[in-house]
J.: 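Here's a structure for you.
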Amino acid sequence: MTLNFTEATAYRKLWMPQLFQEFLFKAAIIKPLVDYRTDNVKYIENPYGSAGTVTQNSSIVGTYSVGTYTVTADTLTVTEEFVYSEHVYSFEKIASVADVKGARMKDAMGQTAYAVDKYALNELCDKGTGVYSTPTGGFSQANALTIAANLASKLVGFAASYASKYIVIEPSDVPGVLLAMFGSGFATADRALNNGFLNHWADFDWYVCGASTFVTATLGTTNYTNSGHRVAGVKGLATLLMPAGEMIWMEKEVTGKTGAELALATYAGLKVWAQKASLTIDITLV
Amino acid sequence: MAINVSDTIPTVQTLEQFEEVLEKYKVTNPTKYALKAANGDFDRQRKLLGGETKVTAPTLEEIPKLGRPRKE
């Protein structure tokens, strides 16, 4: 039998909601890990004095010699610029089934947010002076708790209690960590078996960033050798500065073209402050 | 489709690219460079790029059982 209708325009169509399909964005996780600021400045100064020396005398002599101290500058500089730009022509805008401008705006923001995240996580990993190498196998089921315990040991013994700890892993590390969550303990294992990945486990907040976030590459102004590395530490000790309240959206009518040029710009700088840099730990997967 | 900004800068793919980044890294972060060099981190990355070692997910058979004792 042959159908009577062969003409495509005679059939009804259904369009998905009025945006193009959303891009599968990678996670942007940096904000809770750092002291996040949006001041409209290029520099943040945070100088520190040299460590003083305490003399314990062998007997009570009643005298002392006066020491000197020096002050060292420690500066956060906004060095990175992230830009995204496209042109939407007038006809595309008026004749499209989708809200082209809205869709492109959403895409721009998602992509830019991840680009900033990628820079910030690599910078955090690179400038943290705490170091730790995992047992062979990286974040395997057998190693996950050992890694957490070893990292915890690097964050204790200080006058202040640094309770808000984090570990950032990539999706390829999740199977080992998840199996360890499923198999360790009783109520905790049951919680993991019922609910999946535990965001807080072994006294660390666990974050999963996008795949291949830690790279050996030149990102913007800086060179990184972070492939096979992850980062852990105490929250809020590094500062991420993004002036102008995160992102600046621009729409420009330009000569010689219909429609508008869309542009998104944002600026960022991250600083791991010197005095507590050892509390940001560069993890090497072995 | 828009360019995925983040993925325009992937990790290096060849030993030549790696050595190029490494030369620059030596200047920009000499302290960490020395530390990573001493730990053999760069040799590990060279081996991965050269295909001498492969990263594979652990299999269940290889993993010793942890915690949660069997119920009697």
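The sequence lines fix the lettering, A, B, ..., with proteins before strands; numbering per chain opens at 1. Source: prediction; values computed, not measured. Quick note: numbers below take in every heavy atom, side chains included, and nothing from hydrogens, waters or symmetry partners.
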J.: Does anything in residues 18-25 of chain B get under 4.5 Å of chain A by heavy atoms, and if so which residues?
T.: F18(B), V21(B), L22(B), K24(B), Y25(B)
J.: At their closest point, which heavy atom of A217(A) faces which heavy atom of P10(B), and how far apart are they?
T.: CB-O, 3.5 Å
J.: Within a strict 4.5 Å, meaning less than it, do heavy atoms of the H229(A) and D41(B) side chains meet?
T.: yes
J.: Side chain, backbone, both or neither: which part of T284(A) has a heavy atom under 4.5 Å from chain B?
T.: side chain
J.: Would you mind checking which part of Y33(B) comes under 4.5 Å of any heavy atom in chain A, side chain (CB onward), backbone (N, CA, C, O), both or neither?
T.: neither
J.: With side chains defined as the heavy atoms from C-beta onward, is the minimum distance between K26(B) and N223(A) less than 4.5 Å?
T.: no
J.: Looking at OG1 of T28(B) and OH of Y224(A), how far apart are the two atoms once the value is rounded to the nearest 0.5 Å?
T.: 9.0 Å
J.: Locate the shortest heavy-atom distance separating D126(A) from K32(B); write the atom from each residue and the value.
T.: O-NZ, 2.7 Å
J.: Checking heavy atoms, do the side chain of D173(A), its backbone, both or neither come under 4.5 Å from chain B?
T.: neither
J.: With a 3.5 Å cut-off and no angle check, do the side chains of Q45(B) and T216(A) form a donor-acceptor pair?
T.: yes
J.: Which one, T129(A), D282(A), T222(A), leads in non-hydrogen pairs under 4.5 Å with chain B?
T.: D282(A)
J.: For chain B, find which of V286(A), N226(A), T225(A) contributes the most heavy-atom pairs closer than 4.5 angstrom.
T.: T225(A)
J.: Could you check if a side-chain atom of K36(B) sits within less than 4.5 angstrom of a side-chain atom of V131(A), using non-hydrogen atoms only?
T.: no
J.: Can you confirm whether K276(A) is buried at NZ, in the sense that more than 12 heavy atoms of other residues, nucleotides or ligands lie under 6.0 Å from that atom?
T.: no
